[in-house]
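Remember, it's 1-based here, ligands and their atoms both numbered in the order they're listed.
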Amino acid sequence: MPTSKLPDVGITIFSVMSQLAAEHDAVNLGQGFPDFAAPARLVDGLERAMRAGQNQYAPMTGIPALREAIAGKTARVYGHRPDLDTEVTVTSGATEAIFNAIQAVVNAGDEVVVLDPAYDCYAPAIVLAGGRPVHVALDPHTFAPDWDRVRAALGPRTRMLMINSPHNPSGAMLTADDMRTVADLLRDTGIWLLSDEVYEHIVFDGVRHESALRYPELRERAFVVSSFGKTYHCTGWKVGYCIAPPALSAEFRKVHQYNVFCTFAPAQHAFAAMLVDEPGHDEGLGAFYQAKRDRFRAQLETTRLRPLPVPGGYFQLVDYAAVSDLDDAAFCRWLTIEHGVAAIPLSPFYDAPPAGQRLARLCFAKNDATLDAAIARLRRL
Ligand code: PMP
């Protein structure tokens with residue numbers, strides 16, 4: 001038996017719940033993926049690229065046309081145009097980008113401050129780099145950061161702060177004030193920022209996504225990570241990107257180069273064409289998901305689950321205290337096996353889950369028929 005480098009890591013909760021959903025023929029609102037089609041134009045672009053022979057290695061940093069399109073989109077949306085040669089790197093999903101950024105700057109013994117509940121790939125990447133995750137809990141009701149607690153967690157060994165807005169699992173969003181506070185906290189320190197913005201375009205009620213790229217002081221020290229999987233309903237393609245200043249991108253690319261070297265070439269051509277041909281896709285995404293959110297929340301009101309507010313992203317947290325006193329892992333198993341709806345417990349997103357928290361995560365990136373089928377079952381609770 002090898003000595004595990006990740007002794008605390010098992011199969012991710014998303015795979016566990018998807019497997020359980022399949023075994024019990026449950027409606028899978030657990031793992032976060034759309035069950036509707038990716039845009040036909042994008043799929044056509046992929047086929048066209050493969051038939052045109054774009055099947056060999058792409059440039060290590062990403063094809064120029066895609067980096068150019070990303071730079072243009074970033075300028076349009078956030079008012080800052082990154083340099084496509086030195087600041088934009090196409091990656092095999094946001095997961096690869098997060099891993100690379102951490103490997104690039106976190107040394108043995110360094111600390112990385114993570115705000116819990118946190119997406120589950122963060123801590124293992126920190127540990128593999130020899131670093132130590134320092135967990136600071138978000139407010140258990142609003143999922144807002146307590147910046148005083150974050151400030152108290154920063155010290156001489158801190159190498160990075162990780163933020164995520166819109167937030168998985170809660171949908172909470174950082175405000176402009178939050179971003180200014182982050183700038184204050186990190187000023188005159190050697191602490192890098194990793195801003196996970198994979199749900200950047202899934203924002204509701206006219207509220208603006210506060211990308212770190214909007215803030216000159218932040219973008220000077222940030223790896224900003226995006227995912228085409230979320231924006232274009234194709235999580236299985238695993239294509240994303242990282243925008244970081246030249247010195248950070250140079251180190252990031254050293255890891256990327258020997259991790260994957262380059263990302264799936266035909267998809268890069270498909271996205272390059274898509275971004276140019278349909279620049280409005282990302283602008284319509286908020287309204288598209290807001291309609292799903294509102295419809296799903298109205299339906300949840302007819303169940304005994306209590307929906308929490310969802311400012312962004314495509315997850316709905318529900319408080320199930322009126323239904324069950326099981327802990328969240330047991331509740332989600334019970335819900336899947338006995339009631340045929342798969343959900344994700346929150347405790348795996350925590351180092352130390354808050355005692356007595358009775359919340360589960362449901363994904364509403366689904367066709368109406370899927371959500372209707374889930375609601376019909378949830379009404380029986
Ligand atoms: N960060 C967050 C917050 C996510 O929710 C996800 C996907 N579930 C990722 C990163 C990973 O994105 P990708 O699939 O592009 O690797």
Side-chain angles (χ1 to χ4, degrees), residues 11-18 28-35 38 42 62 66 70 89-103 112 114-126 133 138 143 145 160-174 193-203 209 211-212 222-243 252 255-256 259-260 263-264 267-268 270-271 282 285 289 310-317 342-344 346 348-350 361-366:
I11 306 292
T12 166
I13 187 66
F14 308 115
S15 306
V16 170
M17 294 313 298
S18 281
N28 189 359
L29 302 191
Q31 198 171 7
F33 59 87
D35 70 347
L42 181 66
L66 181 54
I70 292 168
T89 310
V90 178
T91 61
S92 299
T95 308
E96 196 232 335
I98 291 165
F99 185 85
N100 293 351
I102 291 169
Q103 293 296 323
V112 178
V114 172
L115 308 181
D116 280 6
Y119 186 59
D120 71 344
C121 79
Y122 297 176
I126 296 163
L138 297 167
F143 298 92
M160 181 183 266
L161 168 66
M162 297 181 71
I163 57 175
N164 170 216
S165 178
H167 179 242
N168 179 5
S170 73
M173 288 171 63
L174 297 174
L193 179 67
L194 194 155
S195 186
D196 178 346
E197 305 187 6
V198 299
Y199 301 102
E200 63 191 314
H201 298 299
I202 309 179
V203 296
H209 167 57
S211 173
F223 298 93
V224 178
V225 173
S226 293
S227 172
F228 287 126
K230 315 291 176 189
T231 303
Y232 292 96
H233 321 317
C234 54
T235 58
W237 291 23
K238 294 295 288 189
V239 184
Y241 58 93
C242 175
I243 297 177
F252 179 97
V255 183
H256 173 71
N259 184 4
V260 301
T263 292
F264 183 54
Q268 297 197 44
F271 284 121
D282 50 64
L285 210 56
Y289 274 117
V310 181
Y314 53 44
F315 300 112
Q316 171 69 63
L317 291 187
I344 297 287
L346 253 60
F349 293 72
Y350 283 94
R361 192 196 80 174
L362 302 172
C363 175
F364 59 83
K366 305 291 175 190

Inset, instruction - Specify side chain, backbone, both or neither for V239, according to which of its non-hydrogen atoms lie closer than 4.0 Å to ligand 1. - result: neither
How about [X] and [Y]: does a side-chain donor come under 3.5 Å of a side-chain acceptor?
X    : Y    : value
E197 : S165 : no
T231 : D282 : no
D196 : Y122 : yes

Inset, instruction - For residues F271 and W237, establish whether the separation of their ring centroids is below 6.0 Å. - result: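 F271 vs W237: aromatic centres under 6.0 Å.
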Legend entry - Aromatic ring proximity F364/F315, centre distance under 6.0 Å: no
Among protein heavy atoms, which sits nearest to [atom], and what does the distance come to when rounded to 0.1 Å?
atom                    : value
atom 7 (C) of ligand 1  : K230 NZ, 2.5 Å
atom 2 (C) of ligand 1  : D196 OD2, 3.4 Å
atom 6 (C) of ligand 1  : Y119 CZ, 3.5 Å
atom 12 (O) of ligand 1 : A94 CB, 3.4 Å
atom 5 (O) of ligand 1  : Y199 OH, 2.6 Å

Atoms in ligand 1 flagged as close to [X], the criterion being non-hydrogen separation under 4.0 Å:
X    : answer
S227 : 13 (P), 15 (O)
G93  : 15 (O), 16 (O)
V198 : 1 (N), 2 (C), 3 (C), 4 (C), 10 (C)
N168 : 3 (C), 4 (C), 5 (O)

Legend entry - F33 six-ring face occupied by K366 cation (under 6.0 Å, within 45°): yes
Inset, instruction - Please work out whether the ring planes of F14 and Y119 are parallel, tilted or perpendicular, with thresholds of 30° and 60°. - result: parallel
Inset, instruction - Between E96, H167, K238, flag the one that comes closest to atom 14 (O) of ligand 1 by a heavy atom. - result: K238
Inset, instruction - Side-chain contact test, heavy atoms from C-beta onward, threshold under 4.5 Å: evaluate it for L194 versus I163 and give yes or no. - result: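 No, every pair of side-chain atoms sits at 4.5 Å or beyond.
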Legend entry - Sub-3.5 Å N/O-N/O distance, T95 and ligand 1: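 Yes - when backbone and side-chain N and O of T95 are compared with those of ligand 1, one distance drops under 3.5 Å.
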Inset, instruction - Please indicate whether any nitrogen or oxygen in N164 is less than 3.5 Å from any nitrogen or oxygen in ligand 1. - result: no
Legend entry - Distance in Å, H256 NE2 paired with T91 OG1, rounded so as to fall on 0.5 Å steps: 7.0 Å
